[in-house]
Amino acid sequence: MNMIDFSKPVKFKNPLEGEENLIFNVTNYNEITNRCYIQVLNLKGFNSIQPTELVSIDDIENVDIKI
């Protein structure tokens with residue numbers, strides 16, 4: 001398991017096509033399952049309810065950018 005700073009943005013380690021430029025914010029983390037909910041930060045044209053996704057903490061890494 002890698003160490004993630006939950007106060008900083010994250011991205012997928014191995015993004016699928018179309019996910020390369022997406023930056024996420026970790027909204028909730030479960031220490032027992034090592035899974036977290038992530039929410040897209042840079043999605044243009046989103047509704048007032050932003051989509052979230054449940055992912056393994058091993059599939060994400062911190063991004064060294066400022067949003």
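- A 4.5 Å side-chain heavy-atom check between Ile60 and Val26 finds at least one atom pair inside the cut-off.
- Side-chain contact between Val55 and Phe24: absent, with no pair of heavy atoms (C-beta onward) separated by less than 4.5 Å.
- The OG1 atom of Thr52 sits 11.5 Å away from atom CG of Asn25, with the distance rounded to the nearest 0.5 Å.
- In plain terms, the two heavy atoms of Pro9 and Leu41 that are nearest each other are CB-CD1, 4.2 Å.
- Looking at heavy atoms from C-beta onward, Tyr29 lies in side-chain contact with Ile57 at the 4.5 angstrom threshold.
- Enclosure of atom CD in Glu31 is not indicated, since only 12 or fewer non-hydrogen atoms of other residues, nucleotides or ligands lie within 6.0 angstrom.
- Annotation: Asn21, atom CG; neighbour count of heavy atoms from other residues, nucleotides and ligands within 6.0 Å does not exceed 12.
- Leu54 and Phe6 end up in different hydrophobic clusters when Ile, Leu, Val, Met, Phe, Trp and Tyr side chains are linked at under 4.5 Å.
- With values rounded to the nearest 0.5 angstrom, Thr27 atom OG1 is found 11.0 Å from Glu53 atom CD.
- The side-chain contact (heavy atoms from CB on, under 4.5 Å) test applied to Thr33 returns Asn30, Arg35, not counting sequence neighbours.
- Under the 3.5 Å distance criterion, the side-chain polar atoms of Glu20 are matched with a main-chain donor or acceptor of Gly18.
- Residues Asp59 and Lys13 have side chains not in contact (no heavy-atom distance under 4.5 Å, counting atoms from C-beta outward).
- Every residue two or more places apart in sequence or in another chain was checked for a ring-ring contact (aromatic ring centres under 6.0 Å, His included) with Tyr37, and none qualifies.
- For Leu22 against Lys11, the heavy-atom pair with the smallest separation is O-CB, 3.9 Å.
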